[in-house]
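As structure tokens, the structure follows; a few thoughts come after it.
Quick note: residue numbers are just sequence positions, from 1. Predicted model, so just to flag it, every value in this text is computed and none were measured.
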Amino acid sequence: MFRLVKVISGNNQYEVSKLALHPAANFGCGCAMTCTNGLANNATAAVMPDYISLTSTEDAVGDRVEAMIVNEDMIFKVEFVGTTSPLVGMTVGLSTLRDKMDAVTYSSSGKGKIVAIDDDPSYVYVKFRK
């Protein structure tokens, strides 16, 4: 689950959008999403997420889901999965832990970068870039 912890040079506020769901979308709260042709869908491993879901597809009202718009100034706390140990500066991509795309793992083609490691090394702080 992606949790917003800081907006660089900001006040930790974020913009919320209500998005129409793609018929194949299936994700939980705090998962990374993309939006194509006006429809929210699950993100893929090597993209910068456009949104982080604030509701799951099961909790969607009608065919709409609430989501936080992601920008390059946001830092998220998220679980790190995989066989490598997380390091500050490591490039990471989206990965699945419990729901669709709700964790990160090492990936040379990923759009995230670890900026800090939590006291619990299974959690890292990540910033995304396009």
Side-chain angles (χ1 to χ4, degrees):
M1 171 184 264
F2 285 87
R3 295 172 199 95
L4 179 66
V5 294
K6 184 174 184 172
V7 178
I8 299 170
S9 300
N11 56 5
N12 287 4
Q13 292 183 341
Y14 53 86
E15 187 176 344
V16 175
S17 290
K18 289 190 178 185
L19 304 169
L21 287 172
H22 187 279
N26 180 21
F27 47 79
C29 184
C31 290
M33 307 176 341
T34 57
C35 190
T36 306
N37 298 325
L39 298 175
N41 203 353
N42 302 88
T44 58
V47 300
M48 175 180 166
D50 297 321
Y51 299 91
I52 301 296
S53 64
L54 298 175
T55 54
S56 67
T57 50
E58 292 83 30
D59 296 329
V61 176
D63 65 345
R64 299 212 174 261
V65 66
E66 289 188 357
M68 167 192 336
I69 298 173
V70 175
N71 66 51
E72 293 181 1
D73 291 330
M74 294 177 159
I75 296 176
F76 295 93
K77 182 177 180 179
V78 63
E79 290 181 73
F80 182 87
V81 296
T83 57
T84 60
S85 296
L87 300 169
V88 173
M90 178 184 280
T91 303
V92 292
L94 300 172
S95 184
T96 300
L97 184 62
R98 290 180 196 84
D99 291 317
K100 304 289 185 184
M101 298 305 176
D102 63 346
V104 294
T105 191
Y106 168 73
S107 171
S108 60
S109 59
K111 297 296 182 184
K113 181 181 252 183
I114 296 175
V115 296
I117 299 171
D118 195 60
D119 292 336
D120 176 354
S122 62
Y123 286 90
V124 295
Y125 296 88
V126 174
K127 182 179 174 188
F128 289 100
R129 71 192 186 305
K130 290 196 184 245

Does any non-hydrogen side-chain atom of Thr34 lie less than 4.5 Å from one of Tyr51?
no

So CD of Glu66 and NZ of Lys18: to nearest 0.5 Å the spacing works out to 5.0 Å

- Would you call Ile8 and Lys127 a side-chain contact if the rule is heavy atoms closer than 4.5 Å? yes

### Message
Within the 4.5 Å heavy-atom criterion, are Val16 and Leu54 side-chain neighbours or not?
### Response
yes

Heavy-atom closest pair (Ala25 atom, Asn41 atom, distance to 0.1 Å) is CA-OD1, 3.6 Å

CD (Glu58) and SG (Cys29) are apart, to the nearest 0.5 Å, by 11.0 Å

Quick one, Val124 and Met90 - any side-chain contact, counting heavy atoms below 4.5 Å? no

Looking only at heavy atoms, the pair that brings Ile114 and Pro86 closest together is CD1-CB, 3.9 Å

dist Met68:CE -> Asp50:CG (nearest 0.5 Å) comes out at 13.5 Å

Exactly one of Asp102, Asn42, Leu97 clears side chain to side chain contact (heavy atoms under 4.5 Å, CB included) with Cys31, and that residue is Asp102

Exercise for the section: Could you tell me whether the side chain of Val92 reaches within less than 4.5 Å of the side chain of Lys113, counting heavy atoms only? Expected result: no

What one should report as the nearest heavy-atom pair of Ala40 and Met33 is CB-CE, 3.9 Å

Closest non-hydrogen atoms of Ser107 and Gly93, given as atom of the first, atom of the second and distance, are CB-N, 3.7 Å

Inset, instruction - Decide yes or no on side chain to side chain contact (heavy atoms under 4.5 Å, CB included) for Thr96 and Met101, but give the supporting numbers first. - result: CA-CA 4 Å; Thr96 300; Met101 298 305 176; 4.1 Å; yes

Taken to the nearest 0.5 Å, the spacing of His22 NE2 from Thr57 OG1 works out to 13.5 Å

- Query: With side chains defined as the heavy atoms from C-beta onward, is the minimum distance between Phe80 and Asp118 less than 4.5 Å?
  - Reply: no

Between Thr91 and Ser108, the two heavy atoms sitting closest are CG2-O, 4.1 Å

- prompt: Is any side-chain heavy atom of Phe2 closer than 4.5 Å to a side-chain heavy atom of Val104?
  reply: yes

message: Please determine whether the number of non-hydrogen atoms from other residues, nucleotides or ligands lying under 6.0 Å from atom NZ of Lys6 exceeds 12.
response: no

_A side-chain contact here means heavy atoms from C-beta on lying under 4.5 Å apart; do Leu94 and Thr44 qualify?_
no

Value for CZ (Arg3) from OH (Tyr125), rounded to nearest 0.5 Å, stands at 9.5 Å

Correct closest heavy-atom pair for Cys35 and Leu19 would be SG-CD2, 4.4 Å

Taken in chain and number order and not counting sequence neighbours, the residues that satisfy salt bridge (Lys or Arg N to Asp or Glu O under 4.0 Å) with Arg98 are Glu79

>> Is it the case that atom CG in Asn37 sees more than 12 heavy atoms from other parts of the structure closer than 6.0 Å?
In response: no

